[in-house]
Trainee: 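Sharing a structure here in structure tokens format.
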Amino acid sequence: MDLPERKMKILQAIIRNYLETGEPVGSRTISKYTDLNLSSATIRNEMSDLEEMGLIKQPHTSAGRVPTDAGYRIYVDEMLRSQRQEVTDMKKVLVEKQDRLESLLQQVAKLLAANTNYASMISAPAIQRNKIKFIQLSQIDPQNILAVIVIEGNLIRNTMIHVDERLDSREMLRLNMLLNSALCGLAVDEINLGLITEIKQQAGERREIVEHVIDAAAQAITTDDKPKIYTSGAKNIFRYPELSGDTEKASRFISDFEEKKTLGSIVQESLSDKSQTGIQVYIGNEMPMEGMQDCSVVTATYDLGKGMKGTVGVIGPKRMDYDRVIDVLKQIMSQLDDLYKK
């Protein structure tokens with residue numbers, strides 16, 4: 001059933017107020033509850049229409065209205081339709097942003113290698129300390145519920161939950177409200193056993209559904225241990241005799257570098273840096289990985305906001321121009337966010 005916008009807003013206001021108070025809702029309450037700026041008389045007329053349509057009812061004379069099953073159904077369908085559209089729109093934006101970001105990071109790696117004459121690397125941003133933005137449960141068929149979990153940075157994770165029987169609209173609405181009110185805005189380390197127990201108790205016989213959603217949410221907001229890494233300029237090491245003198249060793253270095261072997265260690269080390277500068281320098285044996293003890297590595301952590309952080313680094317001989325490299329990295333750190341938003 002397609003309702004005119006005004007009737008839909010009044011129905012939504014009645015249901016939301018009734019869910020909060022458990023009491024029949026009158027026209028005066030609705031006049032304060034919506035942004036329609038309608039008189040109580042106009043709202044009463046609209047409520048009479050909604051009652052004739054079977055969407056609300058009057059439990060007894062002189063009382064306000066309460067929603068019917070049909071009213072709940074329209075409310076839930078509209079809520080899920082709006083959220084599905086929001087998720088669809090978000091996915092389109094994310095795909096465009098992801099493509100643009102990948103191209104940007106590849107360009108940064110190439111420019112960095114060209115400007116320094118050293119090898120360069122940059123990791124795609126990993127989400128640090130993700131928080132849940134919202135959760136949407138939708139009944140796909142009698143045996144399956146789709147849980148859509150949106151986390152900070154507008155990253156989306158989907159999980160399918162098997163159920164023995166179809167949930168009615170009120171149960172689905174109750175679970176959506178329970179999960180969102182309890183979990184939204186929380187990071188994984190804030191979802192403790194006490195909170196989980198409390199949510200399960202409130203979910204009652206639907207506790208298994210809640211357990212599946214919490215598990216999926218915890219996985220969604222856990223940082224990926226294998227970030228995507230882009231490299232450039234590996235062959236620049238042949239410019240430096242101390243690195244290219246042993247041809248076999250140099251070839252192995254280039255192969256390992258281009259295949260991203262050991263680079264994940266550099267990224268993790270950089271992201272765990274607690275200093276205020278965001279710059280780290282490893283010289284020779286200070287390197288946290290094998291096969292690069294004849295090199296120096298300078299890394300910087302860039303921040304795109306909303307917990308999205310990555311590592312940009314330069315690998316070269318121990319006699320590299322540290323001042324210039326650090327200056328270039330600082331410029332990239334300050335410019336990446338602006339470049340990403342354009």
Trainee: Supply the atom-to-atom distance S27 OG to I10 CD1, rounded to the nearest 0.5 angstrom.
Mentor: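 Taking OG in S27 and CD1 in I10, the distance rounds to 10.0 Å.
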Trainee: Given 3.5 Å as the limit, does a donor-acceptor pair link the side chain of T68 with the main chain of L55, or not?
Mentor: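 Yes: the side chain of T68 pairs with the backbone of L55.
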Trainee: Could you tell me the separation between the CD atom of E51 and the CE atom of M47, rounded to the nearest 0.5 Å?
Mentor: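 Rounded to the nearest 0.5 Å, the CD-CE separation comes out at 8.0 Å.
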Trainee: Which heavy atom in I315 sits nearest to a heavy atom in C295, and how many Å separate them?
Mentor: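 So the two residues come closest at CG2-CB, 4.1 Å.
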Trainee: Would you tell me whether E52 and S48 have side-chain atoms, one donor and one acceptor, within less than 3.5 Å of each other?
Mentor: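 No - no donor-acceptor pair under 3.5 Å links their side chains.
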Trainee: If two hydrophobic side chains count as joined below 4.5 Å and joins carry through other members, does V150 share a cluster with I140?
Mentor: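 Yes, V150 and I140 fall within the same hydrophobic cluster.
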Trainee: Please report the interatomic distance CD(Q202) to CG(L179), rounded to the nearest 0.5 Å.
Mentor: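 Spacing of CD (Q202) from CG (L179) equals 10.0 Å.
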Trainee: Decide whether I279 and Y118 are clustered together by the hydrophobic rule: side chain heavy atoms of Ile, Leu, Val, Met, Phe, Trp, Tyr closer than 4.5 Å, transitively.
Mentor: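 Linked, I279 and Y118 end up in one cluster.
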Trainee: Does this structure show an ion pair linking E171 with R206, if we count only N-O contacts that are shorter than 4.0 Å?
Mentor: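 Yes, this pair counts.
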Trainee: Testing E205, E208, E211 for salt bridge (charged side-chain N to carboxylate O under 4.0 Å, His left out) with K200, which one passes?
Mentor: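 With K200 as partner, salt bridge (charged side-chain N to carboxylate O under 4.0 Å, His left out) holds for just one option, E211.
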Trainee: Look at the side chain of N180 and the backbone N and O of N176, then say whether any donor-acceptor pair between them is shorter than 3.5 Å.
Mentor: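 Present.
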Trainee: Considering non-hydrogen atoms only, spot the tightest contact between A234 and A119 and give its length.
Mentor: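 The answer is CA-CB, 4.1 Å.
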Trainee: Got a donor-acceptor contact below 3.5 angstrom from the T29 side chain to the V25 backbone?
Mentor: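 No, T29 side chain to V25 backbone: no donor-acceptor pair under 3.5 Å.
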Trainee: Quick one: CG on L50 to CD1 on I43, what's the gap to the nearest 0.5 Å?
Mentor: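 Taking CG in L50 and CD1 in I43, the distance rounds to 11.0 Å.
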Trainee: What is the distance from atom CD of Q280 to atom OG1 of T299, rounded to the nearest 0.5 Å?
Mentor: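 Here the interatomic distance stands at 4.5 Å.
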Trainee: When you group the ILVMFWY residues by side-chain heavy-atom contacts below 4.5 Å and let the links chain together, are L111 and I122 in the same group?
Mentor: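 I122 and L111: separate clusters.
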Trainee: How far apart are the closest heavy atoms of G54 and A70, and which atoms are they?
Mentor: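 Heavy atoms of G54 and A70 come nearest at O-CB, 3.7 Å.
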Trainee: Please determine, by modelled atom types, if Y230 and S120 share a side-chain donor-acceptor pair under 3.5 angstrom.
Mentor: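 Note: Y230 and S120 side chains miss the donor-acceptor criterion.
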Trainee: If you compare all heavy atoms of I191 against all heavy atoms of L195, which two are closest, and at what distance to 0.1 Å?
Mentor: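 Reported closest heavy-atom pair: CA-CD2, 4.2 Å.
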Trainee: Is a salt bridge present between K318 and E242, judged by a nitrogen-to-oxygen distance below 4.0 Å?
Mentor: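 Judged by the 4.0 Å cut-off on N to carboxylate O distance, K318 and E242 do not form a salt bridge.
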Trainee: Quick one: closest heavy-atom pair of R174 and A203, and the distance?
Mentor: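 Scanning both residues, the minimum pair turns out to be NH2-O, 3.5 Å.
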Trainee: Under a 4.5 Å side-chain heavy-atom rule over Ile, Leu, Val, Met, Phe, Trp and Tyr, are V314 and Y322 clustered together?
Mentor: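 Same cluster.
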Trainee: Are any of the side-chain nitrogens in R170 or D69 under 4.0 Å away from the carboxylate oxygens of its partner?
Mentor: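 Yes, this pair counts.
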Trainee: Which heavy atom of S40 sits nearest to which heavy atom of R28, and what is that distance?
Mentor: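 Smallest heavy-atom distance, with atoms named: OG-CG, 3.8 Å.
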